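This report concerns only the one structure given below.
The shown structure was predicted, so the numbers you read here are calculated from the model rather than taken from an experiment. Residue numbers begin at 1 in each chain, while the letters A, B, ... track the order of the sequences. Values reported hereafter were calculated over all heavy atoms of this structure, with side chains retained and with hydrogens, waters and symmetry mates removed.
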Protein chains: 2
Amino acid sequence: MTPAVESGARRSEQAASSAGAAERALAHLREMLIGGRVAPGEAVSLRTLARALGLSVTPVRSAVNRLAAEGALIVLPNRAVRVPVLSAETFREITTLRLLLEGYAAERAAELITRTELQAITRAELAFRREYEADRPDCDRAVQLNRLLHFTLYRAARMPSLTAIIEGLWLRIGPVLNLDMRLDPRRLRSGTAVRAHARLVSALAARDPKRARAALAADIRAAARRVERLGLLDGHASRD
Amino acid sequence: MTPAVESGARRSEQAASSAGAAERALAHLREMLIGGRVAPGEAVSLRTLARALGLSVTPVRSAVNRLAAEGALIVLPNRAVRVPVLSAETFREITTLRLLLEGYAAERAAELITRTELQAITRAELAFRREYEADRPDCDRAVQLNRLLHFTLYRAARMPSLTAIIEGLWLRIGPVLNLDMRLDPRRLRSGTAVRAHARLVSALAARDPKRARAALAADIRAAARRVERLGLLDGHASRD
DNA sequence: CCATGATGACTGTGATCACAGTTTTCACAA
DNA sequence: TTGTGAAAACTGTGATCACAGTCATCATGG
């Protein structure tokens, strides 16, 4: 695999994931982005990342290129790679697309969802609510649960390509959404989000497409409003 | 740039496009795919392609990876790269998404389109119709005009991310759509397509979103019906 | 004539290096 | 202290090579 004597590469850590190195780098970056563990505007270095993952630059570059193609990363004219800072305009466009696509997915899911899937969503909703009602909520876990809830819903629509497109959108808004969630002192979101989630679950149980869509739309719109209000976008009215 | 004495690489052909090598490879592949110049199931070799383009495998691999990420190419378990053969199911899913997304774009475009853009679309429509009414229609040109017509429409919706997503869908169905158009002895398509295009232009001129969407939907549905009827999909009822 | 096995030409992947920039840093002078 | 400039350390990119695996070809033995 390595022409030289596998000098710098860690073979020991390879056992962590049996997949290819490029896939591992991609998964890592995706997790960073949609988990909001990187801030918008932050620089990403191929070599640094490669060293951190115990890989060479080749698979890392492959992953970065893919993400850049989806708009989840940008390469500046300098060719430097950064996490993009969304303009208000771009953010609104993505929100519109989310309403269209995730709304459609919710409608279909309401018709096609299985009992098992509904149970999974219900469990996620419960855990999410509990996390936010806790004294010291764990942001990482809440983000993860929110994602689980949404994507089991989307997968229930039985349209893999649609799910993939939605994932692409989440990848782009992940940093701002979760930057927000981290900055948020307490539960600016939880109120509306928890309510919307509850309505969603109830609509799914009733197999009511319209209500499912409405509930999801409320969730999306609330999150969007919050982000815009906090001024995390490029038209930065960040007060301080 | 090249560590060795730039042995195999052609520096002479580089003047063709000033962009990076990876971008050139990507553009080439995209053109092949959405132009339908490669057949579904056809194999793609990195080294062969690199040699054809006068590049090394690195930029070609980058391009292939991106396309594979979008589903426009697939890597088999053998790791061999091929143009995917769409299953009927996948094709129907993409058609559904096209109706949703391109339909939405058409609605917005009907409201936002400028006079210049409308003129461009009108011109494309005229040229497209003439091409099909010709004695010996030029398939390549017809495909190109069709694409021009659709995408100036989508761009008129002023949602770059939406346009990008639609491009991704076209990339995946390009091979079958145009394989069809090449196989098609004459104008199975032209009738409905030309009619739909005409209705589209008229709706745009009237700035009527609903009619624009309906006309576009008719176009998409007609193309989908044709592909399914010809049995170009994975549930291959290919008679011979 | 057909089955079979070995060899050789392919496949993509990953590591490494050379390169051309850009950015940062840091020393030196005004 | 502040400007200025040179150098060093970084940035991504592309080419090349070593590798492991698959596939096809073809010779050989039945």
Side-chain angles (χ1 to χ4, degrees), chain A residues 1-29 41-69 73-84, chain B residues 1-29 41-69 73-84:
Chain A
M1 196 172 295
T2 139
V5 238
E6 59 176 271
S7 51
R10 308 289 155 73
R11 275 287 160 262
S12 49
E13 301 178 350
Q14 187 211 14
S17 170
S18 62
E23 233 171 308
R24 224 164 67 231
L26 182 66
H28 183 85
L29 278 168
E42 193 172 325
V44 172
S45 158
L46 296 189
R47 285 173 177 84
T48 305
L49 229 159
R51 219 175 307 125
L53 293 172
L55 303 168
S56 84
V57 301
T58 310
V60 174
R61 193 194 342 173
S62 169
V64 166
N65 278 338
R66 269 185 57 165
L67 263 1
L73 292 175
I74 44 165
V75 298
L76 302 172
N78 319 347
R79 281 177 164 171
V81 178
R82 302 170 68 96
V83 180
Chain B
M1 196 172 293
T2 139
V5 238
E6 59 174 272
S7 51
R10 307 289 154 71
R11 275 287 160 262
S12 49
E13 302 177 349
Q14 186 211 13
S17 169
S18 61
E23 232 172 308
R24 223 164 67 231
L26 183 66
H28 182 84
L29 277 168
E42 193 173 325
V44 171
S45 158
L46 296 190
R47 285 174 178 82
T48 305
L49 228 159
R51 218 175 306 126
L53 292 172
L55 303 168
S56 84
V57 302
T58 310
V60 174
R61 198 205 323 185
S62 169
V64 166
N65 277 338
R66 269 185 57 166
L67 263 0
L73 292 175
I74 44 166
V75 298
L76 302 173
N78 319 346
R79 282 178 165 171
V81 178
R82 302 169 68 96
V83 179

Taking atom C1' of D:dG14 as reference, at what distance in whole Å does atom CG of B:Asn65 sit? 15 Å

Side-chain N or O of A:Asn78 versus OP1/OP2 of D:dG12: is the shortest distance under 4.0 Å? no

Would you tell me if any nitrogen or oxygen in the side chain of A:Ser45 comes within less than 4.0 Å of OP1 or OP2 on D:dT11? yes

Side-chain N,O (A:Thr58) to OP1/OP2 (C:dG14) below 4.0 Å: no

Any donor-acceptor pair, under 3.5 Å, between the side chain of B:Arg47 and the base of C:dG12, if you only look at N and O atoms? yes

How far apart are the closest heavy atoms of A:Ala69 and B:Arg66, and which atoms are they? CB-NE, 3.1 Å

Answer yes or no: is there a donor N or O on one side and an acceptor on the other, between the side chain of A:Arg82 and the main chain of A:Ile74, under 3.5 Å? no

Please give me the minimum heavy-atom distance between A:Ala25 and A:Pro59, naming the atom from each residue. CB-O, 4.1 Å

Regarding A:Val75, tell me which of base, sugar-phosphate or nothing describes its non-hydrogen contacts under 4.0 Å with the strands shown. nothing

D:dG14 base to A:Arg61 side chain: any donor-acceptor pair below 3.5 Å? yes

Whole Å only: how far is the CZ atom of A:Arg82 from the P atom of D:dG12? 12 Å

Remember a base hit wins even if backbone is also touched, and classify A:Val64 as base, sugar-phosphate or nothing at under 4.0 Å, heavy atoms. nothing

Determine: side-chain N/O of B:Ser62 to OP1/OP2 of D:dG12, distance under 4.0 Å, yes or no. no

Which heavy atom of B:Ala22 sits nearest to which heavy atom of B:Ser62, and what is that distance? CB-OG, 4.2 Å

Whole-Å gap separating C1' (C:dC10) and CG (B:Leu76): 15 Å

Starting at CZ of B:Arg79 and ending at P of C:dC10, how long is that distance when rounded to a whole Å? 20 Å

Can you measure A:Leu26 atom CG to C:dG14 atom C1' for me and round it to whole angstrom units? 16 Å

Determine the contact category for B:Ala22: base if any of its heavy atoms lies under 4.0 Å from a base atom, sugar-phosphate if only primed atoms, P, OP1 or OP2 are that close, otherwise nothing. sugar-phosphate

Give B:Val44 one of three labels, base, sugar-phosphate or nothing, depending on what nucleic acid heavy atoms sit under 4.0 Å from its own. sugar-phosphate

To the nearest angstrom, how far is B:Leu73 atom CG from C:dT11 atom P? 15 Å

So which one's nearest nucleotide on DNA chain C is more toward 5', B:Thr48 or A:Glu23? B:Thr48

What integer distance in Å separates B:Arg51:CZ from C:dG12:P? 11 Å

Atom-pair distance (CG on B:Leu46; P on C:dA9), nearest Å: 20 Å

Quick one: does A:Arg24's side chain get under 4.5 Å of A:Leu53's, heavy atoms only? no

